[in-house]
Amino acid sequence: MYLNNPNIKLPEDPNTIVWKYLDLSKFLDLLMSQKLFMSRSDKFEDQYEGTFSEPTYEEIKKLSVNNPDFLNFYKTHREKVAISSWHINEYESFAMWQIFTQNSEGLAIQSTIGRLEKALLPEKKFEQYIGEVNYIDYKKEYIPFDDLFFPFLFKRKSFQYEREVRIISDISANNIKINDGMKIDVDICQLIEKIYIHPKSENWYKNLVIELVSKLGFDFTIEKSDLESDILI
């Protein structure tokens, strides 16, 4: 169950479709552990992850003149936040297949905003939210810092193609330490609505995924990517 924060925005329609593109090994780990992996925020490829835009940083620096711990807190807070990223799109994205699957043996989970909300199980040890990412000009635009989650809900405009929704967990209230990331409990059957197989995969691979999912006790609808439809001419 995620916490409700009026400052964190989401698409109003709970049926808004979201996707997660991943390799088979990560997908099997999700099914077998029934836990969703979340990456530590400062381990993302984007070095700006969880940081502030220039106008905000200048304001924080002024506030930190007589209180250096204020700025240090924001720097170290990134180590205490873990993120699971999902892509908003009514349809599959060829670009997402290219970016997030290493070879033709990848797959995509199709879900919805409403399913993500219901899939998160009650968590007493840390705060957890779902929010839509805002894409801004980091040289000109301001990121509010009156909420500790805000830096993790803004990215540079060059990442707009990601159309990202994030599950965000903040463990700073307890003594949990995370290295590359952490796993959270989820209701797998709520989380996953459909599974799509990589558009360049062979039939044997689709059959393998069907067999593995069945042996693990799940009966998700499994489709071959729509990008691999027969050509009509």
Side-chain angles (χ1 to χ4, degrees), residues 1-5 8-11 13-41 43-44 49-50 79-89 92-93 96 100-101 106-133 148-149 152-153 162-174 176-198 209-210 212-223:
M1 179 186 297
Y2 82 108
L3 298 172
N4 185 27
N5 184 330
I8 297 177
K9 305 303 180 188
L10 267 179
D13 184 359
N15 294 316
T16 300
I17 296 172
V18 294
W19 303 79
K20 190 167 191 66
Y21 296 80
L22 66 175
D23 293 326
L24 179 62
S25 57
K26 292 178 181 177
F27 175 68
L28 290 177
D29 180 62
L30 170 66
L31 294 192
M32 293 172 72
S33 67
Q34 301 201 33
K35 294 176 184 289
L36 179 66
F37 178 78
M38 307 182 72
S39 297
R40 202 172 92 176
S41 71
K43 297 291 186 179
F44 279 75
E49 194 68 60
E79 300 172 7
K80 303 281 188 177
V81 174
I83 294 167
S84 174
S85 301
W86 295 73
H87 170 67
I88 299 176
N89 206 326
E92 286 178 71
S93 165
M96 294 295 114
F100 291 105
T101 57
L107 44 82
I109 296 170
Q110 186 193 87
S111 190
T112 64
I113 295 293
R115 280 179 169 271
L116 289 189
E117 292 174 328
K118 292 174 183 174
L120 297 183
L121 300 178
E123 181 52 68
K124 296 178 181 177
K125 295 179 182 177
F126 47 81
E127 291 183 84
Q128 200 157 253
Y129 297 95
I130 304 175
E132 186 172 3
V133 172
L148 289 177
F149 280 86
F152 305 98
L153 290 169
E162 292 181 348
R163 300 182 63 193
E164 193 175 343
V165 161
R166 300 183 145 181
I167 302 170
I168 306 175
S169 296
D170 184 344
I171 61 163
S172 53
N174 55 48
I176 299 174
K177 288 187 178 180
I178 52 177
N179 293 319
D180 291 333
M182 58 184 281
K183 291 181 178 181
I184 60 168
D185 294 318
V186 288
D187 181 335
I188 296 292
C189 293
Q190 275 290 353
L191 186 73
I192 299 173
E193 184 168 21
K194 283 185 182 179
I195 299 164
Y196 282 79
I197 307 295
H198 196 287
V209 172
I210 291 171
L212 288 170
V213 168
S214 176
K215 284 187 174 179
L216 290 171
F218 299 99
D219 61 350
F220 305 119
T221 299
I222 301 175
E223 308 270 7

Checklist entry - Atom CD1 in Ile192, atom CD1 in Ile109: separation rounded to 0.5 Å? => result 4.5 Å
Item to check | Atom pair NE2 (His198) and CG (Leu24), whose distance is rounded to the nearest 0.5 Å | outcome: 12.5 Å
Item to check | Over all atoms of both residues, closest heavy-atom pair of Arg166 and Ile83 | outcome: NH1-CD1, 3.5 Å
Checklist outcome for this item: Scanning both residues in full, the closest heavy-atom pair of Ser169 with Ile184 reads OG-CG2, 4.1 Å
Checklist entry - Can you tell me how far CZ of Phe37 sits from CG of Asp29, rounded to the nearest 0.5 angstrom? => result 9.0 Å
Next on the checklist: Distance check, rounded to the nearest 0.5 Å: Ser93 atom OG versus Glu162 atom CD?
Outcome noted: 10.5 Å
Next on the checklist: Evaluate Val209 against Phe220 for side chain to side chain contact (heavy atoms under 4.5 Å, CB included), listing each step before the verdict.
Outcome noted: CA-CA 11 Å; Val209 172; Phe220 305 119; over 6 Å; no
Item to check | Step-by-step side chain to side chain contact (heavy atoms under 4.5 Å, CB included) determination, Asn89 to Met96 | outcome: CA-CA 10 Å; Asn89 206 326; Met96 294 295 114; over 6 Å; no
Checklist outcome for this item: Heavy-atom nearest pair, Arg115 first then Cys189, reads NH1-O, 3.1 Å
Item to check | Heavy-atom pair of closest approach, residues Pro11 and Glu132 | outcome: CD-OE1, 3.4 Å
Checklist entry - Taking side chain as C-beta onward, heavy atoms only, is Ile167 less than 4.5 Å from Met38? => result yes
Item to check | Side-chain heavy atoms of Leu10 within contact of Thr16, under 4.5 Å | outcome: no
Checklist entry - Is there a side chain to side chain contact (heavy atoms under 4.5 Å, CB included) between Glu92 and Tyr196 once you walk through the steps? => result CA-CA 9 Å; Glu92 286 178 71; Tyr196 282 79; 3.8 Å; yes
Item to check | Atom pair NE2/CD of His87 and Gln110 - distance to nearest 0.5 Å | outcome: 11.5 Å
Checklist entry - Do you know the tightest heavy-atom contact between Ile178 and Arg40? => result O-NH1, 3.0 Å
Next on the checklist: Set out, in order, the CA-CA distance, both residues' side-chain angles and the distance that settles side chain to side chain donor-acceptor pair (under 3.5 Å) for Asp23 and Ser25, then state yes or no.
Outcome noted: CA-CA 6 Å; Asp23 293 326; Ser25 57; 5.3 Å; no
Checklist entry - Does some side-chain heavy atom of Leu153 sit less than 4.5 Å from a side-chain heavy atom of Tyr129? => result no
Checklist entry - Would you say Asp13 has more than 12 foreign heavy atoms packed within less than 6.0 Å of its CG? => result yes
Next on the checklist: Looking at every non-hydrogen atom in both residues, tell me the closest pair between Ser111 and Leu191 and how far apart they are.
Outcome noted: OG-O, 2.6 Å
Item to check | side chain to side chain contact (heavy atoms under 4.5 Å, CB included) between Met182 and Phe126, worked out | outcome: CA-CA 12 Å; Met182 58 184 281; Phe126 47 81; 3.5 Å; yes
Item to check | Spatial distance of atom NZ (Lys183) from atom CG (Leu30) [nearest 0.5 Å] | outcome: 9.0 Å
Item to check | Check: Ile195 and Thr221 side chains under 4.5 Å, non-hydrogen atoms | outcome: no
